[in-house]
Enquirer: 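Mind having a look at this structure? Questions to follow.
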Amino acid sequence: MVLLTNPRLKDILPQFQGFLADKKLTDEKYIPFYALRVSQFLTFTNREEDKDMEILIHKFLDHLRIKENIGDALIRQAQDAIKLYLYHYKDGIRFREVRFGQADHLALSSSADVIREMKRCIRLKHYSYSTEQTYLDWAKRFFAYIVETKKINVVECDGNDVKNFLSHLALRHQVSSSTQNQAFNALLFLFREVLKKDLCNISGTVKAKRGMKLPVVLSVEEVKTLLSHLSGKGLLIAQLLYGSGLRLMECARLRVKDLDFDGNLLYVRSGKGDNDRTTVLPEAAKAGLKSHLEKVKALHEKDLAAGYGEVYLPDELDRKYPNAGKMWGWQYVFPAQQLSIDPRSGKIRRHHITDKAIQSAIRKGFQGTGIVKHATVHTLRHSFATHLLMNGINIREIQDLLGHKNVETTMIYTHVLRNMANVPKSPLDMLEEGVPISE
């Protein structure tokens with residue numbers, strides 16, 4: 001494989017642009033962009049020690065995705081530019097078309113190789129660390145199933161193996177439909193992004209059964225009782241979960257800059273589906289939040305004095321703004337009690353409070369309240385939506401506040417409200433009251 005060393009860009013690029021225009025291989029308006037990507041690629045190859053051209057191409061595309069934070073469309077444009085340059089224009093270099101992120105050049109031969117590549121692909125797409133761990137865990141469980149049942153190399157598996165595994169989960173382990181769907185999404189990512197295979201022949205999968213489930217909702221009095229049994233940080237968390245309709249991890253990942261006290265707004269960043277939204281900031285929680293933030297700021301200043309004080313920034317923002325991670329606005333509203341090592345970067349940071357800590361705080365609050373409903377952290381979000389409906393708030397507005405993609409998801413609360421508001425009188429009560437029952 002020939003390596004392009006010290007290319008004379010001033011000579012090459014005009015000739016390449018003329019070649020594209022003469023052969024009409026692309027629209028004229030794209031020619032300058034194609035030349036730019038080729039120029040970047042040639043400069044990139046001179047810095048790399050690897051001599052394999054295909055690996056160099058993959059490295060360059062990955063470099064673009066991370067460094068410039070550009071989407072798949074522009075990545076494909078860069079790939080096309082390199083393909084035209086190497087295959088159509090540059091003599092002596094044979095180029096086999098590759099897809100962005102393709103893993104065949106890595107010679108994946110074991111489950112460990114696949115897991116490493118899967119982790120790389122997940123991080124390139126900026127999935128959360130919890131999603132990364134969930135997807136990797138399902139991949140490992142799938143590989144263990146393949147080795148146990150078929151005794152083949154994991155890279156040889158196909159759609160039939162996925163179908164059998166999903167059916168195995170439903171029949172042998174009797175998992176819920178949501179768990180089965182989670183496993184399917186993880187394996188879909190594995191096949192599409194890592195193994196570069198299409199999932200076929202899975203229509204016969206045995207589906208985990210799921211009937212219509214109504215959410216558990218607290219009454220207004222039950223919410224009052226719960227809040228009266230909470231104090232300090234636990235009370236603030238419960239007030240935001242119920243008063244703003246936050247999901248558990250949306251509350252945990254809340255940052256100081258996301259609180260708009262003057263506008264009575266709370267900004268949810270990168271929520272479910274990686275979408276941003278605004279919701280209400282309860283007036284009743286403002287005073288407690290301000291007092292709490294004073295303590296958090298003192299803790300942050302202590303960390304800075306000790307040489308720490310930097311938090312994780314999403315989407316490679318730490319490269320674009322190197323000092324932003326230490327700024328007050330980026331700090332978590334509910335930081336962890338202890339410093340910890342970031343599992344991805346290896347840096348010592350103060351992360352946000354864990355999901356288990358939030359669950360434990362709310363669970364302790366329910367103890368002694370006398371509430372016997374199977375209530376969880378998410379119950380407060382369900383109660384937020386239902387109580388807004390009871391107050392006449394439009395279903396579409398509630399959908400926006402909750403961050404639901406489809407209004408059908410929000411409509412479930414209308415069933416709860418109907419059940420609460422129009423409970424028919426029992427015939428037993430009518431009998432006791434002497435109300436005549438028509439025969």
Side-chain angles (χ1 to χ4, degrees), residues 130-131 134 174-183 185 207-230 234-254 266 268 271-273 275 277-280 282 285 355-367 369-424:
S130 60
T131 300
T134 300
Q174 297 183 343
V175 301
S176 66
S177 60
S178 59
T179 300
Q180 190 185 44
N181 287 334
Q182 185 187 74
N185 290 331
K207 298 294 180 101
K209 295 181 179 180
R210 178 179 175 85
M212 181 179 176
K213 306 296 182 183
L214 291 177
V216 176
V217 174
L218 301 178
S219 68
V220 175
E221 288 302 318
E222 286 172 331
V223 174
K224 287 182 180 179
T225 302
L226 171 64
L227 296 179
S228 69
H229 281 74
L230 291 167
L235 175 60
L236 283 176
I237 290 173
Q239 286 177 327
L240 292 180
L241 291 169
Y242 171 69
S244 302
L246 299 181
R247 298 180 177 93
L248 188 155
M249 292 310 298
E250 290 172 349
C251 183
R253 294 169 181 157
L254 195 63
L266 187 152
V268 177
K272 193 171 183 179
N275 295 315
R277 73 178 192 278
T278 59
T279 183
V280 292
D355 55 342
K356 291 182 179 179
I358 293 179
Q359 291 166 344
S360 176
I362 300 302
R363 192 183 306 115
K364 289 180 180 178
F366 275 112
Q367 294 174 357
T369 61
I371 299 173
V372 296
K373 293 177 179 177
H374 181 60
T376 64
V377 171
H378 211 65
T379 301
L380 294 174
R381 176 174 159 90
H382 293 322
S383 303
F384 164 83
T386 305
H387 295 171
L388 285 180
L389 272 176
M390 292 169 62
N391 287 328
I393 305 301
N394 184 275
I395 190 72
R396 293 286 184 180
E397 185 174 351
I398 297 175
Q399 176 191 358
D400 292 337
L401 293 173
L402 292 174
H404 286 163
K405 184 177 181 180
N406 300 311
V407 72
E408 288 79 10
T409 307
T410 317
M411 289 294 290
I412 190 68
Y413 299 110
T414 62
H415 296 286
V416 179
L417 182 62
R418 184 172 63 244
N419 292 344
M420 294 172 63
N422 299 312
V423 179

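For this chain, numbers begin at 1 and follow the sequence in order. The analysis underlying the following values was restricted to heavy atoms, covering all of them including side chains, and did not include hydrogens, waters or symmetry mates.
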Enquirer: Between L241 and I362, is there a side-chain heavy-atom distance shorter than 4.5 Å?
Expert: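 Yes, side chains in contact.
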Enquirer: Is L254 close to L266 at the side-chain level, that is, under 4.5 Å between some pair of heavy atoms?
Expert: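 Yes - at least one pair of side-chain heavy atoms lies under 4.5 Å apart.
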Enquirer: Under 3.5 Å, is there a donor-acceptor pair linking the side chains of S228 and T225?
Expert: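 Note: S228 and T225 side chains miss the donor-acceptor criterion.
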Enquirer: Under a 3.5 Å distance rule, please check whether T179 uses its side chain to pair with a backbone N or O of V175 as donor and acceptor.
Expert: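 Here the side-chain-to-backbone pair does not exist.
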Enquirer: Is the shortest side-chain N to carboxylate O distance from E250 to K272 below 4.0 Å?
Expert: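 Judged by the 4.0 Å cut-off on N to carboxylate O distance, E250 and K272 do not form a salt bridge.
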Enquirer: Any side-chain heavy atom of K373 sitting closer than 4.5 Å to one from L218?
Expert: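 Answer yes - side chains close enough.
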Enquirer: With rounding to the nearest 0.5 Å, note down the distance linking CG in D355 to CZ in R253.
Expert: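 That separation rounds to 9.0 Å.
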Enquirer: Does L380 reach the side chain of L226, with side-chain heavy atoms less than 4.5 Å apart?
Expert: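 Yes. Closest side-chain heavy atoms under 4.5 Å.
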Enquirer: Side chain of T379, backbone of T376: donor and acceptor closer than 3.5 Å?
Expert: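 Yes, the answer is positive, given that a donor and an acceptor are paired below the 3.5 Å cut-off.
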Enquirer: Do R396 and V407 make a side-chain contact, defined as non-hydrogen atoms from C-beta onward lying under 4.5 Å apart?
Expert: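 Yes - at least one pair of side-chain heavy atoms lies under 4.5 Å apart.
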Enquirer: Indicate, with yes or no, if the rings of Y242 and H387 have centres closer together than 6.0 Å.
Expert: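 Yes, the ring centres sit under 6.0 Å apart.
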Enquirer: Quick one: does L389's side chain get under 4.5 Å of I398's, heavy atoms only?
Expert: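 They are in contact (side-chain heavy atoms under 4.5 Å apart), so the answer is yes.
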Enquirer: Minimum heavy-atom separation for A238 and L230, please, with both atom names.
Expert: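 For A238 and L230, the tightest heavy-atom pair comes out as CB-CD1, 3.5 Å.
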Enquirer: So, taking the atom named CD in Q367 and the one named NE2 in H229, what distance separates them when rounded to the nearest 0.5 Å?
Expert: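 With rounding to 0.5 Å, CD (Q367) is 10.5 Å from NE2 (H229).
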Enquirer: Only one of Q399, K405, H404 passes side chain to side chain donor-acceptor pair (under 3.5 Å) with T410; say which it is.
Expert: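 Of the listed residues Q399, K405, H404, the side chain to side chain donor-acceptor pair (under 3.5 Å) partner of T410 is H404.
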Enquirer: Which heavy atom in A285 sits nearest to a heavy atom in L236, and how many Å separate them?
Expert: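 Closest approach of A285 to L236, heavy atoms only: O-CD2, 4.0 Å.
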Enquirer: Which value, rounded to the nearest 0.5 Å, describes the distance between H378 atom NE2 and L248 atom CG?
Expert: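 Between atom NE2 of H378 and atom CG of L248 there are 9.5 Å.
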Enquirer: Got a donor-acceptor contact below 3.5 angstrom from the R381 side chain to the L246 backbone?
Expert: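 The answer is no, because no donor-acceptor pair under 3.5 Å joins these two groups.
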Enquirer: Kindly say whether S177 contributes a backbone atom to a donor-acceptor pair with the side chain of Q180 at under 3.5 angstrom?
Expert: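 No: the side chain of Q180 does not pair with the backbone of S177.
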Enquirer: So how far is it from S383 OG to L388 CG, rounded to the nearest 0.5 Å?
Expert: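 Atom-to-atom, S383:OG and L388:CG are 10.5 Å apart.
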Enquirer: I want to check something: taking the side chain as every heavy atom from C-beta on, are F384 and V280 in contact at a cut-off of under 4.5 Å?
Expert: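 In short, these two side chains touch, coming nearer than 4.5 Å.
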Enquirer: Any donor-acceptor pair under 3.5 Å linking the side chain of N185 with the backbone of N181?
Expert: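 It does hold such a pair.
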Enquirer: Drop me the distance from Q359's CD to I237's CD1, to the nearest 0.5 angstrom.
Expert: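 Here the interatomic distance stands at 11.0 Å.
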Enquirer: Taking R277 for the side chain and L401 for the main chain, is one N or O donor matched with an acceptor at less than 3.5 Å?
Expert: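 Yes; judged by distance alone, with no hydrogens or angles, the pair exists.
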Enquirer: How long is the straight-line distance from CD1 of I412 back to NE2 of H382, given to the nearest 0.5 Å?
Expert: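 Here the rounded value is 9.5 Å.
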